[in-house]
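Here it is, the structure, as structure tokens.
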Amino acid sequence: MGKVKLIECPRDAMQGIRDFIPTEKKAQYIQSLLRCGFDTIDFGSFVSPKAIPQMKDTAEVLEKLDLSNTGSKLLAIVANVRGAQDASQFEEIDFLGYPFSISENFQMRNTHKTIAESVEVLQEILEIAHRADKNVVAYLSMGFGNPYGDPWNVEIVGEWTEKLSAMGVKILSLSDTIGSSTPDIIDYLFSNLIPKYPEIEFGAHLHTTPSKWHEKIDAAYKAGCRRFDGAIQGFGGCPMAKDELTGNMPSEKMLSYFTSAKAETNIKMTSFESAYNEASKIFKAYH
């Protein structure tokens with residue numbers, strides 16, 4: 001049934017935790033993930049330490065990682081030009097991830113910029129990445145709905161996909177920021193956008209409640225999506241979401257789904273079990 005890319009997001013899992021996780025512990029956990037066979041590890045972010053204190057040691061974490069025996073690529077989130085410049089200094093980083101919201105309210109909350117300003121920032125980030133021989137993953141946050149009353153419909157998502165494609169975005173991850181996606185919207189967006197933009201690799205960054213994970217993954221996969229973000233045990237998610245049960249898509253659930261769908265994931269199960277146990281330890285201690 002084909003191959004899927006699984007992106008593990010320890011950064012997303014950790015960033016909202018109030019108690020600071022020691023750099024050594026972060027590096028140890030990410031090292032365990034690097035042995036699993038994930039396509040990409042979203043391992044840290046170059047953003048203001050005031051905005052996200054938990055990620056202030058991303059550069060130090062990177063220094064402690066041994067990348068000699070992994071096929072996984074590294075992704076760092078950036079929220080502005082300075083962050084992109086900082087991340088681009090590191091040869092080990094393959095992808096710069098930029099959260100681009102089609103909700104004016106959410107973009108202001110997330111990056112203190114309007115959508116128009118964010119377009120300019122993304123253009124600069126694309127240029128910085130190109131010069132540094134890196135790729136950009138644009139996250140279309142609020143891609144599946146909007147709780148703030150901003151206009152949202154599938155046509156708006158289509159229009160933004162058109163604009164981002166014209167700017168040169170090659171990887172676009174539709175992000176379900178608050179867990180509001182439904183299988184029919186997931187199916188509609190992916191089954192329409194994927195054939196229309198063959199030059200773009202579409203991803204699904206889905207947040208979910210424990211009972212809804214299967215229907216969401218199933219809808220995205222059957223609609224042609226082959227790139228999925230997740231976090232072991234569903235840790236993290238969006239701090240804006242009102243529902244405490246809404247978290248990241250649990251990687252172990254995705255693995256069980258793709259195993260039964262006979263999709264190839266490249267995941268080494270013994271290494272994954274080991275990383276799963278590491279996650280239990282670290283998140284139990286600091287959550």
Decide side-chain contact (heavy atoms from CB on, under 4.5 Å) for Thr70 and Ile41; before the verdict, give the C-alpha distance in whole Å, the side-chain angles of both, and the deciding distance to 0.1 Å. CA-CA 11 Å; Thr70 185; Ile41 309 285; over 6 Å; no

Between Lys26 and Asp57, does any NZ, NE, NH1 or NH2 come within less than 4.0 Å of an OD or OE carboxylate oxygen?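 Salt bridge: yes.
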
CD/Glu159 to CD/Glu162 distance, rounded to the nearest 0.5 angstrom?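 Output value for this atom pair is 9.0 Å.
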
Side-chain touch Pro250/Gln233, heavy atoms, less than 4.5 angstrom: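 The answer is no, as the side chains (C-beta and beyond) never meet within the 4.5 Å cut-off.
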
Does Glu91, at its CD atom, have more than 12 non-hydrogen atoms belonging to other residues, nucleotides or ligands within less than 6.0 Å?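 No, because the 6.0 Å sphere around CD of Glu91 holds 12 heavy atoms or fewer from other groups.
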
Sidechain-backbone polar pair: Asp187 side chain, Pro183 backbone, donor-acceptor under 3.5 Å: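 No; judged by distance alone, with no hydrogens or angles, the pair does not exist.
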
Determine whether Leu164 and Val154 fall in the same hydrophobic cluster, where Ile, Leu, Val, Met, Phe, Trp and Tyr are linked whenever their side-chain heavy atoms lie under 4.5 Å apart.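 They do share one cluster, since a chain of ILVMFWY contacts under 4.5 Å joins Leu164 to Val154.
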
Is the charged tip of Lys25 near the ring of Tyr286: under 6.0 Å from the six-membered ring centre and within 45° of its axis?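 Ring-cation test returns no.
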
Give a yes-or-no answer on whether the side chains of His205 and Asp176 include a donor-acceptor pair shorter than 3.5 Å.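 Short answer, no.
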
Has the side chain of Lys134 got a donor or acceptor atom that lies under 3.5 Å from a matching backbone atom of Ile93?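 At least one qualifying donor-acceptor pair exists.
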
Answer yes if Ile217 and Val4 sit in the same cluster of Ile, Leu, Val, Met, Phe, Trp and Tyr residues linked by side chain heavy atoms under 4.5 Å apart, and no otherwise.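 Same cluster: Ile217 reaches Val4 through Ile, Leu, Val, Met, Phe, Trp or Tyr contacts under 4.5 Å.
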
Minimum heavy-atom separation for Pro49 and Lys56, please, with both atom names.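 That would be CB-CB, 3.9 Å.
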
Polar side-chain atom of Ser271 near backbone of Ile267 as donor-acceptor pair, under 3.5 Å: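 Answer holds: no.
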
His214 atom NE2: more than 12 heavy-atom contacts under 6.0 Å: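 Atom NE2 in His214 is crowded, with more than 12 foreign heavy atoms closer than 6.0 Å.
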
Show the nearest heavy-atom pair for residues Met108 and Thr114, with the distance to one decimal.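 Heavy-atom minimum between the residues: SD-N, 3.6 Å.
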
If I take atom CZ from residue Arg131 and atom CG from residue Leu126, how far apart are they, to the nearest 0.5 angstrom?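 That separation rounds to 11.0 Å.
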
Main-chain N/O of Glu117 paired with Glu120 side-chain donor or acceptor, under 3.5 Å: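 Here the side-chain-to-backbone pair does not exist.
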
Gap between atom OG of Ser173 and atom CD1 of Ile7 - 0.5 Å precision: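 Answer rounded to 0.5 Å: 7.5 Å.
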
With side chains defined as the heavy atoms from C-beta onward, is the minimum distance between Tyr29 and Phe283 less than 4.5 Å?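 Tyr29 vs Phe283: side chains touch.
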
Reported OG1-to-CD distance for the pair Thr23 and Glu60, which is rounded to 0.5 angstrom: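 CD of Glu60 is found 6.0 Å from OG1 of Thr23.
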
Answer whether the closest heavy-atom distance between the side chains of Gln54 and Arg18 falls below 4.5 Å.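 Result no, sub-4.5 Å side-chain heavy-atom pair not found.
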
What do you reckon, is NZ of Lys113 surrounded by more than 12 foreign heavy atoms closer than 6.0 Å?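 Yes, because the 6.0 Å sphere around NZ of Lys113 holds more than 12 heavy atoms from other groups.
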
Would you check if Val137 and Leu75 make a side-chain contact, meaning some heavy-atom pair closer than 4.5 Å?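 In contact.
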
Under 4.5 Å between side-chain heavy atoms, hopping through other hydrophobics if needed: is there a path connecting Ile102 to Met167?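 Shared cluster, yes.
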
Which of these passes side-chain contact (heavy atoms from CB on, under 4.5 Å) with Gln85: Val78, Ile125, Ile128?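 Going through Val78, Ile125, Ile128 one by one, the side-chain contact (heavy atoms from CB on, under 4.5 Å) with Gln85 is satisfied by Ile128 alone.
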
So, Asp39 and Lys73, do they make that salt bridge, N to O below 4.0 Å?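 Looking at Lys73 together with Asp39, the answer is yes, because their closest N to O distance falls below 4.0 Å.
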
Are Lys170 and Glu201 within salt-bridge range, i.e. N to O under 4.0 Å?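 Salt bridge: no.
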
Ser165 and Glu199: side chain donor to acceptor below 3.5 Å: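 Per modelled atom types, Ser165 and Glu199 side chains form a pair under 3.5 Å.
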
With ring-ring contact (aromatic ring centres under 6.0 Å, His included) as the criterion, how do Tyr257 and Trp213 come out once you've worked through the C-alpha distance, each side chain's angles and the decisive distance to 0.1 Å? CA-CA 10 Å; Tyr257 175 84; Trp213 72 269; 7.1 Å; no

When you measure from the side chain of Trp152 to the backbone of Met142, do you find a donor-acceptor pair of N or O atoms at a distance under 3.5 Å?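 Such a contact is found between Trp152 side chain and Met142 backbone.
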
Show, in sequence, the C-alpha distance, side-chain angles and deciding distance for Leu255 and Met269, and conclude whether the side-chain contact (heavy atoms from CB on, under 4.5 Å) test is met. CA-CA 9 Å; Leu255 273 176; Met269 286 315 293; 4.1 Å; yes

Between Phe272 and Leu6, is there shared hydrophobic-cluster membership here, with clusters defined by ILVMFWY side-chain heavy atoms closer than 4.5 Å?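 Yes.
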
Check for a donor-acceptor pair, side chain of Ser274 on one end and backbone N or O of Thr270 on the other, with a separation under 3.5 Å.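 Flag not set: sc Ser274 to bb Thr270 has no pair under 3.5 Å.
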
Between Glu8 and Ser251, do the side chains contain a donor N or O and an acceptor N or O under 3.5 Å apart?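 Glu8 and Ser251 do have a side-chain donor-acceptor pair below 3.5 Å.
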
Would you say Val119 and Phe100 make side-chain contact, with heavy atoms under 4.5 Å?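 Yes, close enough: below the 4.5 Å cut-off.
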
What's the verdict on side-chain contact (heavy atoms from CB on, under 4.5 Å) for Ile194 and Ile200, showing C-alpha distance, side-chain angles and the deciding distance? CA-CA 8 Å; Ile194 290 170; Ile200 292 181; over 6 Å; no

Under the side-chain contact (heavy atoms from CB on, under 4.5 Å) criterion, do Phe43 and Thr58 qualify, and how do the steps go? CA-CA 8 Å; Phe43 83 102; Thr58 289; 3.7 Å; yes

Side chains of Val121 and Tyr98: does their closest heavy-atom pair fall under 4.5 Å?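 Result yes, sub-4.5 Å side-chain heavy-atom pair found.
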
I want to check something: taking the side chain as every heavy atom from C-beta on, are Pro99 and Ile77 in contact at a cut-off of under 4.5 Å?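 Side-chain contact under 4.5 Å: yes.
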
ILVMFWY network linking Val47 to Tyr139, side-chain heavy atoms under 4.5 angstrom: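 Val47 and Tyr139: separate clusters.
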
Do Ser181 and Lys216 get their side chains close enough for a donor-acceptor pair, meaning under 3.5 Å?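 Short answer, yes.
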
Is it the case that atom CG in Asn69 sees more than 12 heavy atoms from other parts of the structure closer than 6.0 Å?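 For Asn69, atom CG is not crowded (no more than 12 foreign heavy atoms under 6.0 Å).
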
For Phe46 versus Ala87, what's the shortest heavy-atom pair and its separation?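 Distance-wise, the nearest heavy atoms are CD1-CB, 3.6 Å.
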
Could you report the tightest heavy-atom contact between Ser72 and Gly37, atom names first, then the distance?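 Nearest heavy atoms, Ser72 then Gly37: OG-C, 4.2 Å.
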
Heavy atoms only: give me the nearest Ala231-Cys9 pair and the separation to one decimal.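 Result for this residue pair: CB-O, 4.1 Å.
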
Verify whether one side chain among Ser103 and Asn105 offers a donor that lies under 3.5 Å from an acceptor in the other.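 Side chains of Ser103 and Asn105: no pair found under 3.5 Å.
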
Within 45 degrees of the ring normal and closer than 6.0 Å to the centroid, is that where the cationic atom of Arg226 sits relative to Tyr221?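 Relative to the ring axis of Tyr221, which defines the angle, Arg226 lies inside both limits.
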
Just so I know, are the side chains of Phe95 and Ile171 near enough to count as touching, which here means a heavy-atom distance under 4.5 Å?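 SC-SC contact between Phe95 and Ile171 confirmed.
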
Please report the closest heavy-atom contact between Ala27 and Lys64, naming both atoms and the distance.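 Scanning both residues, the minimum pair turns out to be CB-CB, 3.7 Å.
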
Quick one: are the ring centres of Phe38 and Phe228 less than 6.0 Å apart?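 So the answer is no for these two rings.
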
Using 0.5 Å steps for rounding, measure from the CE atom of Met254 to the CG atom of Leu206.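 CG of Leu206 is found 8.5 Å from CE of Met254.
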
State the CG-CD distance between Leu65 and Glu92, to the nearest 0.5 angstrom.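 Going from CG on Leu65 over to CD on Glu92, the span is 8.5 Å.
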
